[in-house]
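Every chain is numbered from 1, with letters handed out A, B, ... down the list of sequences.
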2 protein chains.
Amino acid sequence: MQDNLSRTFAALADPTRRAILAQLSRGEATVSDLAQPFLKNMSLPAVTKHLKVLEKAGLVSKGRHAQWRPCTLNTEPLRDAVGWMEQYRIAWEEQLDRLDAYLQTKTKGTHHDL
Amino acid sequence: MQDNLSRTFAALADPTRRAILAQLSRGEATVSDLAQPFLKNMSLPAVTKHLKVLEKAGLVSKGRHAQWRPCTLNTEPLRDAVGWMEQYRIAWEEQLDRLDAYLQTKTKGTHHDL
DNA sequence: CTATTATTTAACTTAGCAGTTAATTATCTA
DNA sequence: TAGATAATTAACTGCTAAGTTAAATAATAG
């Protein structure tokens, strides 16, 4: 996976990783804090691996404090991803307009107007 | 890959597929239209597969016109993806604020103010 | 029916991801 | 130093994704 944008989207393409980011958006957390909600379903090394994917995408930074590794959210890649999607805003607003127009012509011929 | 959001992000995690979407945002195109920019680097079946990934994510719809399959962009999954990211807007605006504050304290002590 | 164009499917290879358990490293505390 | 806690690394498995070439299907045109 060559480029940053691909790495970011790939990192987001997993519900566990998205949940980790959601948790980090509420503040710093250690690896075991982050792992705790998942330990019924997966092992700690699995969470470590997910964090590594998020780190490589630049979405998470890991610090050191004694034996803990406090993690923080880094939003810059998210901004880049949204930025890439913004280029489609025109296209999707057109689609909403078409839907709008369609719904209007649809109601025009029925008894539901008014 | 269970859920729609994961499928959408996974579909976006490839530069070829993003380029296909970019082309479709400029209007309807057939499979060979879409494939043409890539045929130096990959085969036509490879493009067919990429399109299938985009279809399964709901990002592309394929019609029929004689032997051609005209493809169109479907932006709804993109809206969902942006919607998911919006929940981090608060977090990332805080980051911008912190950066801002940092830059201000940094300039305060230098000769660069004014 | 045959040939041509557009696209897909089949069968296969290669590589990487997500998970596991067991062992290792890092750090603090007694 | 020994033991406990936090986290990572190693080695392995199973699955899926991305690409290939060759064959099959869909539709048109002669």
Side-chain angles (χ1 to χ4, degrees), chain A residues 1-21 23-24 27-73, chain B residues 1-21 23-24 27-72 77:
Chain A
M1 186 153 337
Q2 323 107 25
D3 60 295
N4 290 333
L5 205 45
S6 296
R7 254 187 298 271
T8 299
F9 282 128
L12 296 175
D14 181 285
T16 302
R17 288 194 292 261
R18 289 197 304 276
I20 289 173
L21 293 179
Q23 194 169 340
L24 284 176
E28 188 175 284
T30 68
V31 174
S32 17
D33 289 342
L34 293 169
Q36 185 265 320
F38 307 111
L39 292 180
K40 280 130 195 161
N41 310 308
M42 77 180 68
S43 67
L44 189 60
V47 176
T48 296
K49 283 192 180 183
H50 281 303
L51 279 170
K52 191 147 286 183
V53 172
L54 292 167
E55 273 188 281
K56 279 185 182 158
L59 285 159
V60 165
S61 301
K62 222 176 284 179
R64 314 192 72 150
H65 184 248
Q67 66 265 64
W68 296 278
R69 299 295 118 98
C71 302
T72 53
L73 179 64
Chain B
M1 186 153 339
Q2 322 108 24
D3 60 296
N4 290 332
L5 206 45
S6 296
R7 254 187 298 272
T8 299
F9 282 128
L12 296 175
D14 181 285
T16 303
R17 289 195 290 263
R18 289 198 304 276
I20 289 173
L21 293 179
Q23 194 169 340
L24 284 176
E28 190 175 282
T30 68
V31 174
S32 17
D33 288 342
L34 292 169
Q36 185 265 321
F38 307 111
L39 292 180
K40 280 129 195 161
N41 311 307
M42 76 180 69
S43 67
L44 190 60
V47 175
T48 296
K49 283 192 180 183
H50 280 304
L51 279 170
K52 190 147 287 183
V53 173
L54 291 168
E55 273 189 280
K56 278 184 183 157
L59 286 159
V60 165
S61 301
K62 220 176 283 180
R64 314 191 74 150
H65 185 248
Q67 66 265 65
W68 296 278
R69 300 293 119 98
C71 301
T72 53

Peer 1: Can you name the residues that form a side-chain contact (heavy atoms from CB on, under 4.5 Å) with A:E55, not counting sequence neighbours?
Peer 2: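 Testing A:E55 for side-chain contact (heavy atoms from CB on, under 4.5 Å), a comparison that skips the adjacent residues, returns A:V60, A:K62.
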Peer 1: Expressed in angstrom and rounded to an integer, what is the separation of B:W68 atom CH2 from C:dT4 atom P?
Peer 2: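 Between P of C:dT4 and CH2 of B:W68: 16 Å.
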Peer 1: I need the CZ-C1' distance between A:F38 and C:dT20, as an integer number of Å.
Peer 2: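 Those two atoms, CZ and C1', are 18 Å apart.
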Peer 1: Tell me which nucleotide among C:dT21, D:dG19, C:dT8 gets nearest to the side chain of B:M42.
Peer 2: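 The answer is D:dG19.
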Peer 1: For A:L44 and C:dA22, give me the distance from atom CG to atom P, rounded to whole Å.
Peer 2: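 So the CG-P distance, A:L44 to C:dA22, works out to 15 Å.
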Peer 1: Side chain of B:Q67, heavy atoms from C-beta onward: which of C:dT8, D:dT20, D:dA27 has the nearest atom to it?
Peer 2: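 Among C:dT8, D:dT20, D:dA27, the one nearest the side chain of B:Q67 is D:dA27.
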Peer 1: Are B:N4 and B:P77 packed together at the side-chain level, in the sense that at least one heavy-atom pair is separated by less than 4.5 angstrom?
Peer 2: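 Heavy-atom side-chain distance check fails, nothing below 4.5 Å.
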Peer 1: Side-chain contact test, heavy atoms from C-beta onward, threshold under 4.5 Å: evaluate it for B:H50 versus B:F38 and give yes or no.
Peer 2: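 With C-beta onward as the side chain, the pair stays apart.
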Peer 1: Given atom NZ of B:K56 and atom C1' of C:dT8, what is their separation to the nearest angstrom?
Peer 2: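 Nearest whole value for this atom pair: 13 Å.
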Peer 1: The side chain of A:V31 is closest to which nucleotide in this list: C:dT8, D:dT8, C:dA18?
Peer 2: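 Given the options C:dT8, D:dT8, C:dA18, the side chain of A:V31 is closest to D:dT8.
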Peer 1: Would you name the heavy atoms of B:P37 and B:N41 that are closest together and state the gap between them?
Peer 2: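 Shortest heavy-atom contact: O-ND2, 4.5 Å.
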Peer 1: For C:dT20, does either OP1 or OP2 sit under 4.0 Å from a side-chain N or O belonging to A:S43?
Peer 2: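 Yes, because at least one side-chain N or O of A:S43 sits under 4.0 Å from OP1 or OP2 of C:dT20.
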Peer 1: Which of residues 47-55 of chain A have a heavy atom under 4.0 Å from DNA chain D?
Peer 2: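 When residues 47-55 of chain A is checked for heavy atoms under 4.0 Å from DNA chain D, the hits, listed by number, are A:T48, A:K49, A:K52.
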Peer 1: Hey, is the side chain of A:R64 poking within less than 4.0 Å of OP1 or OP2 on D:dA6, counting only N and O atoms?
Peer 2: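 Answer is no, no contact under 4.0 Å.
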Peer 1: Nearest whole angstrom, please: distance from the P of C:dA6 to the CG of B:L39.
Peer 2: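 So the CG-P distance, B:L39 to C:dA6, works out to 12 Å.
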Peer 1: If you pin A:H65 and A:D14 to their nearest nucleotides in DNA chain C, which one's is more 5'?
Peer 2: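 Between the two, 5'-proximity favours A:D14.
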Peer 1: Ignoring hydrogens, what is the shortest heavy-atom contact between B:P70 and B:E28? Give both atom names and the distance.
Peer 2: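 Heavy atoms only, the tightest pair is CB-OE2, 3.5 Å.
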Peer 1: Nearest heavy-atom pair of A:P15 and B:D3: which atoms, and what distance?
Peer 2: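 Looking at all heavy atoms of both residues, the shortest contact is CG-OD1, 3.9 Å.
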Peer 1: If we ignore hydrogens and angles and just use 3.5 Å, is the side chain of B:R69 paired with the main-chain N or O of B:T30 as donor and acceptor?
Peer 2: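 No.
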Peer 1: Any idea which heavy atoms bring B:A13 and B:R18 closest together, and the distance?
Peer 2: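 For B:A13 and B:R18, the tightest heavy-atom pair comes out as C-NH1, 3.9 Å.
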Peer 1: Can you see which heavy atom on B:L24 is nearest to which on B:C71, and at what distance?
Peer 2: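 Shortest heavy-atom contact: CD2-O, 3.3 Å.
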Peer 1: Using whole Å, report how far NZ of B:K62 lies from P of C:dA6.
Peer 2: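 Result: 16 Å.
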Peer 1: Base, sugar-phosphate, or nothing: which does B:N41 touch, judged by heavy atoms less than 4.0 Å apart?
Peer 2: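 The answer is sugar-phosphate, as B:N41 gets under 4.0 Å only of primed atoms, P, OP1 or OP2.
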Peer 1: Mark yes or no for whether B:R17, through its side chain, and B:L12, through its backbone, hold a donor-acceptor pair below 3.5 Å.
Peer 2: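 No, because the side chain of B:R17 does not come within donor-acceptor range (under 3.5 Å) of the backbone of B:L12.
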Peer 1: Mapping B:R69 and A:R17 to their closest nucleotides on DNA chain C, which lands nearer the 5' end?
Peer 2: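 The answer here is B:R69.
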Peer 1: Could you tell me how far apart B:R7 (CZ) and D:dA17 (P) are, to the nearest whole angstrom?
Peer 2: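 To the nearest whole Å, that distance equals 11 Å.
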Peer 1: Students often get this wrong, so: under 4.0 angstrom with heavy atoms, is A:T30 touching a base, only sugar-phosphate, or nothing?
Peer 2: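 It contacts sugar-phosphate atoms only.
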Peer 1: Between atom CG in A:L34 and atom C1' in D:dA6, what is the gap in whole Å?
Peer 2: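 Atom-to-atom, A:L34 to D:dA6, this comes out as 13 Å.
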Peer 1: DNA chain D in dot-bracket, Watson-Crick or G-U pairs under 3.5 Å, [ ] crossing, | other strand?
Peer 2: ||||||||||||||||||||||||||||||
